[in-house]
Amino acid sequence: MTEVIRAEGLQKRYGATRALDGVDLSVPRGSVLGVLGPNGAGKTTAVRTLATLIKPDAGRAEICGFDVVRDAVQVRAKIGLTGQYASLDEELTGTENLVMIGRLLDFPRAEARSRARELLARFRLTDAAGRAVKTYSGGMRRRLDLAASLVNRPEVVFLDEPTTGLDPRARNEVWDTVRAVVAEGASVLLTTQYLEEADALADRIVVFDHGKVIAAGTADELKAGAGRQTLVVRAKEAHRTEQLTAIVAQLTGEVPDVVAETGLVSAPVADSGVLASLIRALDGASLGVTELALRMPSLDEVFLTLTGHSAEQSARAEEKITEGSLA
Amino acid sequence: MTTAVLAPPRRISLRRTLRHGLTLAWRNISQLKHSPEKLIDSTLMPIVFLVLFLYVFGGAVQGSTHAYLQMLLPGLVAQMAMFATMGLGTALNEDIHKGVFDRFRSLPIARSAPLVGTILGDTVRFATSMVILTAFGSLLGFRFHTDPLSVLAGFALAYVFYLAVSWISVLIGLVAPSPETVQGLAFLWVMPLTFGSSIMVADTSTMPGWLQAWAKANPVSHLTESLRALMLGGPVGNHVWYTLAWAAGIMLVTFPLAMRMYGRRA
């Protein structure tokens, strides 16, 4: 079997809103699928359906060949789930949380303890192992939550917005652990609102909007389809901004945007090779810069190209889904 | 790697479900170990009610507090069995909102295990109430007048009733939109059952007709009368059977409903 996740025509409605409107997904073994979309696009509903927490109204899905509705118990033995908020017992310690899950997975007591120790060490939580989870920072909680979903050595790991609300350092730590999970052979389905995150972790990306998959491909394919990257550069000495603008204009063939107050010069570029040419040109002109970056198109830009409406508009429209699902 | 992971079974056996339930009961007990102050209500409530009821009603109802104490204490056992269930629904509701139940529901365990575990774990609360009530009652002069076996049977009956009533609390915890609502609702169903009974008065004949009928049919009255007979002596009559029948009836209705709600809760 090469596909560990296969979904066909998944549908789920909450009242009048279609949270999932005919979703097809396929994840080959050992790969990472990034599900990208704004708030309420149906990402969480998709994860909850695949992880057997809710039943689809129509369509079918298989995890490792087991049907998510009919063979829910078998599916649960194969998966690990990390939800949007850490689903841990705040009163218990890190060790106690993991031992409890090990015991629920029928590990003998000693094995549950050693597995807990091993995971705590791997997620750099050994020092905090004996402390109640309510004393943990956001990043530590997320790591423990991730550890909790790996106790059973799952073949498929679902990560629902694993870094939302984390600071950049904690986010990088979570990214590293996700990479380690993949290196061990697990397949991952990860949802995110950030193109950058999908780009960093996923082999393939599908874009969700209004419960539908509106685009699929590699990060490069999506970016290429979504418009160009933006070159951002700033001269060290403010009086040379004009000279810098001329160089950028010449290299990109575009009229650069210049922010007078900050001296920030930006221009869309079609080919990332432009960066090397720019550095050579700057060198030749002995022009020092304080800032130089190639910015990827934002999720908003990807969205605008794909749907003709902005991600924010979509999120507003879909807020009703979240309300509906709680009712 | 365990064989369970390699070849997942399709159904969860009863034995494994019980073991999972015990693991989750251990979770509740560990919580209490970390914050013992959570037991303060179960510890103080029996003392407060015993002292209040005894000295407020004792003289008026029975002529002397000593005579009233003998009658009141078995009634308070029934009352504490009811009150001990009130925190359950709130705790469960919090678990659902915090996402802890999502974790349980994504594990290959029986759907009933987390609910059963919560109820079993909360037994600590019930046991604490019983021990404090009996100990403090004895200090004030309460004495059992029957053999230890009957006394034990009394507490066992109260426990069975508590387990059954727990499912009402669980059901409310599963359907209520917030922990605060659960608390509000708990008072609505616990109070009429508890106080519209023979817990505080052995003689219900002075009540108006409608309340007499209610108190007579009320399972809490049957439990109270069973406990009085088992702890003080006298004919047990059919009260034990009525109590058990009510317990079975409550479970038969609430357990399947709770399982359905639990399955539906997204």
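Since we're looking at a predicted model, the values are computed, not measured. Every chain is numbered from 1, with letters handed out A, B, ... down the list of sequences. All values below were derived from every heavy atom in this structure, side-chain atoms included, with hydrogens, water molecules and symmetry-related copies excluded.
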Give a yes-or-no answer on whether the side chains of T44(A) and D160(A) include a donor-acceptor pair shorter than 3.5 Å.
yes
When you check the side-chain N and O atoms of Q183(B) and T90(B), is any donor under 3.5 Å from an acceptor?
no
Is chain A contacted by the side chain of [X], its backbone, both, or neither, given a heavy-atom distance below 4.5 Å?
X: F104(B); value: side chain
X: S106(B); value: both
X: H34(B); value: side chain

Between Q31(B), R103(B), R111(B), which residue shows the highest count of heavy-atom pairs closer than 4.5 Å to chain A?
R103(B)
Exactly one of I63(A), L25(A), V4(A), V32(A) clears side chain to side chain contact (heavy atoms under 4.5 Å, CB included) with L189(A), and that residue is L25(A)
Exactly one candidate in T191(A), T82(A), I79(A) meets side chain to side chain contact (heavy atoms under 4.5 Å, CB included) with F158(A); the answer is I79(A)
What part of A72(A) gets closer than 4.5 Å to chain B, counting heavy atoms only: side chain, backbone, both or neither?
neither
Considering all heavy atoms of both residues, which atom of T17(B) and which atom of A113(B) are nearest to each other, and what is their separation?
O-CB, 4.3 Å
Looking at S149(A), A132(A), P154(A), A51(A), which one has more heavy-atom pairs under 4.5 Å with chain B than the rest?
S149(A)
